[in-house]
Amino acid sequence: MHMHRFERYYVVIASVTVGIFFASVLAAGLIFGINPARPAGFVNPLTLDETEFANPGLRHMGGNRYEAYILAQMWAFAVGSDERLDDGAPVLRVPQHSEVTFFITSRDVTHGMIIEHYNVNLQIVPGHTSSQSITFDRAGTFRAICHEYCGRAHHLMNFAIVVEPANPNA
Ligand code: CUA
C-alpha cells in the first residue's frame with residue numbers, strides 16, 4: 001500500500017505520542033504510586049442510620065487530629081451542623097493547622113468532592129467509604145464542591161469549610 005511520506009510521519013508521530021502518554025500513566029501508577037483515592041471501606045447505603053454516618057460532623061480525636069463524617073446525597077452534603085452561609089451552604093468549622101481525616105459516603109448516586117485551594121479529589125460512591133486526610137494550614141472559607149454530575153441540582157451541591165485562625169490576635 002502506498003502511503004505518502006507526510007502521512008507516514010503523522011502516523012509515527014501520533015503513535016509515539018500515544019505511547020508516551022500510556023507509558024506516563026503506567027509509570028505514575030506503578031512506579032511513583034500516584035493513584036486515585038481508593039475506597040477506605042464498605043458501608044450499606046440502606047442502613048446508614050446504624051453507622052457513624054447517622055451522626056455526621058467533626059470528631060476530635062485528640063491533639064490536632066479530627067475525623068469528619070460527611071454524608072452526600074442529592075443534592076446536599078450533611079456535615080452535622082445547622083450553620084449556613086448566606087447562599088445556604090452548610091458550614092463545617094475546623095481549627096487552623098488541624099489534620100482532618102474525611103470519611104464520606106453517598107446515600108444515593110455517585111457524587112464527588114474537591115476542596116478549593118486544597119489537593120483533595122474524592123469520588124463518593126454509594127456502598128463505599130472514601131477517605132482522605134488533609135491538614136488545614138490556611139485560614140479562611142473554602143468550598144467543598146461536588147464534581148461528579150449527580151442530577152438536576154448538581155451545580156448547587158457544596159458545603160463550606162471554615163478554617164478558623166489558630167490565634168485571631170496574631
Ligand atoms: Cu452531587 Cu454532583
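Computation of the quantities below employed the complete heavy-atom set of this structure, encompassing side-chain atoms and omitting hydrogens, waters and symmetry-equivalent molecules. For ligands, and for the atoms within them, numbers begin at 1 and follow the listed sequence.
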Novice: Can you tell me the angle formed at atom 2 (Cu) of ligand 1 by SG of Cys146 and O of Glu148, to 10°?
Specialist: 90°
Novice: If you round to the nearest 0.5 Å, how far is CG of Asn158 from SG of Cys146?
Specialist: 9.5 Å
Novice: Under 2.8 Å from atom 1 (Cu) of ligand 1 - does any N, O or S atom of Met74 fall there?
Specialist: no
Novice: State the atom name: nearest N, O or S atom of His111 to atom 1 (Cu) of ligand 1.
Specialist: ND1
Novice: Verify the distance test for His154 against atom 1 (Cu) of ligand 1: any N/O/S atom under 2.8 Å, yes or no.
Specialist: no
Novice: Should the ring pair Tyr66 and His60 be called parallel, tilted or perpendicular, given that the plane angle runs from 0 to 90° and is split at 30 and 60?
Specialist: parallel
Novice: State yes or no: are the ring centers of Phe136 and His97 separated by less than 6.0 Å?
Specialist: no
Novice: Which residue, His154, His111, Gln123, forms the side chain to side chain donor-acceptor pair (under 3.5 Å) with Glu148?
Specialist: Gln123
Novice: With salt bridge (Lys or Arg N to Asp or Glu O under 4.0 Å) as the criterion, how do Arg93 and Glu164 come out once you've worked through the C-alpha distance, each side chain's angles and the decisive distance to 0.1 Å?
Specialist: CA-CA 7 Å; Arg93 288 185 177 272; Glu164 301 188 299; 2.6 Å; yes
Novice: Output yes if His147 passes the N/O/S-under-2.8 Å test against atom 2 (Cu) of ligand 1; output no otherwise.
Specialist: no
